[in-house]
Amino acid sequence: MNLDLRLDTSGDFYAQKFQPTKRDDTLILNMGPQHPSTHGVLRILLEIDGEYIVRAEPVLGYIHRMHEKMAEVMSYPQYLPNPARTDYLHALAWGWAHVGAVERIMGIEVPERAEYIRVITCELNRINSHLLWWGAYLLDLGAFTPIMYSFDDREIIMDIMQRITGSRLTYCYYRFGGVSDDIDDRFVNETREQCARMKERFKMYKDLVTDNFILRKRVEEIGEISVQTCRKYGATGPVLRGSGQAYDVRRAEPYSVYDRFDFNIPAYDTCDAMGRYMVRMDEMQESIKIIEQALDSLPQGDFIHPKAPKRAKPPAGDVYFAVEGARGKIGMHLVSDGGKSAYRLKLRAPGFSNLSLFAEVSQGTLISDAVSILGSLDLVIPEIDR
Amino acid sequence: MIVKSIRETVAGMWSLLVGMKVTSKNFIQPNITVHYPRQSVKSLEGYRGHIELVPNEDDPFKSKCIACNSCVRICPSACISLKASKPKKAAAKEGAADGAEDKKAPAKKAKPELLSFVLDYNYCCLCGLCVQSCPSGALRYSSDVYLAGFSRQEFVIDLLARLQYQAQKKGAANG
Ligand code: SF4
Ligand code: SF4
């Protein structure tokens, strides 16, 4: 054993790579990988001068599970549960990206009812994701109670979803050519009830949290991200919309039946953490609007195409399919060589791009503000590491 | 300047009071959480426990499984393994020989009988693909929720033995 290595106290590979600095009055600090505000195993190396951040560098890969490689070994239907495990908060959007890519390359038709069911469940899931972000973000900022309210709402939505999909978090519900189970009247009624309830709850959330001036002091004019920075790093989703650009895949490249619904794309040009906060709060209300419209016009018919292939075997070629997830644009680039499993599947995780800009944005901020910025990016680490 | 900051402070204080009102309103609401070991949730509808075999209508000791291996092949976690007796060779051969002319002949083939059906629940991701792929409807989700154990071995379950045990218990209860 190399004793030099053991005696070396300057840290691991990343810390050493990070070390060289011109100043000798700064401190290198590890935030994570086990830090409550990083929501998972994200590690951030910080060079700090007192309370101020001089440099920051995220270190990734602590929960890398080779989801892309798995797609190359597993057959197409076997890969169905995987996308849900990348982003466990908006599992259905990831599942949708996968089935969407396969459907597009094979030219599978999806019955209209199935498309509506997908929209409804995906939007319910988006609300769930934003609710959890809301609770957890406020927890980071030091407010404990809101997460209890958000979990109250989440539980109801999860109960509704559980009856249909069989899971509460990592759904495996979409199939090539439809969904795995039909929705019934009870689902429709419960969803309607919950939508009505949520509208009341949003008012309460506004009173309790959004208008609260302690929160405003923690998020207003903190972590300003310009549209240029977003473009440079490819940030999408609420991060981009919080910087004033109303880009949403549901509108920009409409997939499924989203072009039939009337909803707004909330955007705030304050560019700060408050902007991103407001985008998500508004987005939940827009999702409710979409769900209600979809429930009103829910067509009858099959929930899965009767001729949907059991063992998908797409022709050779490549295809790209993007959907709007709770964190931004989820893309899947599928290359097929005509075999049982994909030749290559590239997952585009929105969180990865959103996190990348953190190094630039956090420069010169206080550590406590960095926590606020990190939270406002809404990171899900398993999705970033894949 | 001073006026502005005073106004800001007053507005801020007011926002705290509004928040306080919400909190106190919720404080007098009834409890919505369930204190698990002492209480449990009412409905577990739709809950997916580990998979289990569906008993045959005629014989509750036998499962509906025809040992087609389709669940074994689809399972992404490779956690199902089953053993079945091979159909009698003579019968199979006869079937194959006749099969060339008569399509009905393979039906004569002795059905393979399930000997064991082992689920390694440690690796199961509860995706439900096996249940959906089963041509004979021999699989379903159990409602075993409160599973806990001290070792991995406890979750390697022989579902056929479980089915027979359940049938026995049921039989004893009825008789
Ligand atoms: S539920 Fe999925 S992982 Fe579990 S045994 Fe069935 S196919 Fe395998
Ligand atoms: S798919 Fe059904 S019939 Fe076939 S082996 Fe599995 S349980 Fe038995």
Side-chain angles (χ1 to χ4, degrees), chain A residues 70-71 73-85 95 143-146 148-149 151-153 155-156 158-173 175 180-181 184 186-187 201 203-217 304 310-311 340-341, chain B residues 5 7-27 29-34 41-51 68 70-80 123-135 139-143 145:
Chain A
M70 273 193 244
V73 237
M74 288 173 160
S75 69
Y76 287 98
Q78 280 183 337
Y79 192 69
L80 281 171
N82 275 55
R85 269 82 183 166
F144 180 73
T145 339
M148 296 293 160
Y149 296 121
F151 266 72
D152 182 10
D153 290 330
E155 284 299 318
I156 298 173
M158 288 202 282
D159 282 342
I160 296 175
M161 297 280 272
Q162 173 180 306
R163 261 190 64 246
I164 300 299
T165 65
S167 337
R168 294 176 77 81
L169 200 66
T170 46
Y171 308 103
C172 170
Y173 182 47
R175 297 286 183 273
S180 73
D181 221 335
D184 50 11
R186 192 168 142 203
F187 175 89
R201 298 285 280 190
K203 285 183 199 141
M204 179 190 118
Y205 290 168
K206 184 166 182 298
D207 283 348
L208 181 67
V209 181
T210 313
D211 287 344
N212 187 298
F213 94 127
I214 304 177
L215 173 90
R216 291 200 168 248
K217 287 263 180 294
I304 188 162
K310 278 254 157 59
R311 316 221 178 291
K340 270 196 308 187
S341 46
Chain B
S5 74
R7 196 180 292 156
E8 231 169 53
T9 313
V10 171
M13 288 313 217
W14 178 247
S15 76
L16 293 186
L17 285 179
V18 173
M20 213 48 211
K21 197 180 123 209
V22 174
T23 308
S24 34
K25 226 193 205 164
N26 276 281
F27 184 70
Q29 297 291 314
N31 203 352
I32 54 162
T33 48
V34 175
V41 285
K42 272 175 264 131
S43 145
L44 283 164
E45 208 177 341
Y47 176 84
R48 279 183 193 169
H50 66 74
I51 51 166
C68 69
S70 115
C71 54
V72 179
R73 258 179 279 129
I74 194 116
C75 178
S77 324
C79 51
I80 305 176
Y123 301 112
C124 176
C125 63
L126 295 171
C127 60
L129 289 171
C130 51
V131 177
Q132 273 161 24
S133 76
C134 181
L139 290 174
R140 66 173 178 217
Y141 307 105
S142 67
S143 50
V145 185

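Hydrogens, waters and symmetry mates are skipped; everything else that's a heavy atom, side chains included, is used. A note on names: the letters A, B, ... follow the listed sequences, proteins ahead of strands, and every chain is numbered from 1.
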Is it the side chain or the backbone of B:Ile74 that comes within 4.5 Å of chain A heavy atoms, both, or neither?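 Contact with chain A involves both backbone and side-chain atoms of B:Ile74.
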Shortest non-hydrogen contact from [X] toward [Y]:
| X | Y | result |
| --- | --- | --- |
| B:Arg48 | A:Ser167 | NH1-OG, 4.1 Å |
| A:Ser180 | B:Gln132 | CB-NE2, 3.3 Å |
| A:Gln78 | B:Leu129 | CA-CD1, 4.3 Å |

>> I'd like to check the side-chain hydrogen bond (donor to acceptor under 3.5 Å, both in side chains) partners of A:Glu155; sequence neighbours left out, ordered by chain and number.
In response: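 Expected list: A:Arg168.
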Query raised in the report: Say you draw a straight line from CE of A:Met74 to SG of B:Cys75; how long is it, rounded to the nearest 0.5 Å?
Result: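 Taking CE in A:Met74 and SG in B:Cys75, the distance rounds to 8.5 Å.
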Output the option from A:Arg216, A:Met70, A:Arg175 having the highest count of non-hydrogen pairs under 4.5 Å with chain B.
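Of the options given, most contacts go to A:Arg175.
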Practice item. Go through A:Thr165, A:Asp159, A:Thr145 and name the one with the most non-hydrogen pairs under 4.5 angstrom from chain B. Key: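 Among A:Thr165, A:Asp159, A:Thr145, the one with the most close pairs to chain B is A:Thr165.
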Which bit of [X] comes within less than 4.5 Å of chain B, counting heavy atoms only: side chain, backbone, both or neither?
| X | answer |
| --- | --- |
| A:Arg85 | side chain |
| A:Tyr171 | neither |
| A:Ile164 | neither |

**Request:** Show your working on side-chain contact (heavy atoms from CB on, under 4.5 Å) between A:Met204 and B:Lys25 and close with a plain yes or no.
**Result:** CA-CA 11 Å; A:Met204 179 190 118; B:Lys25 226 193 205 164; over 6 Å; no
Residues 10-24 of chain B side chain polar contacts: donor-acceptor under 3.5 Å, at least two apart:
residue : atom : partner  : partner atom : Å
B:Ser15 : OG   : A:Phe213 : N            : 3.2
B:Ser15 : OG   : B:Gly12  : O            : 2.6
B:Thr23 : OG1  : B:Gly19  : O            : 3.0
B:Ser24 : OG   : B:Met20  : O            : 2.7
B:Ser24 : OG   : B:Lys21  : O            : 3.1

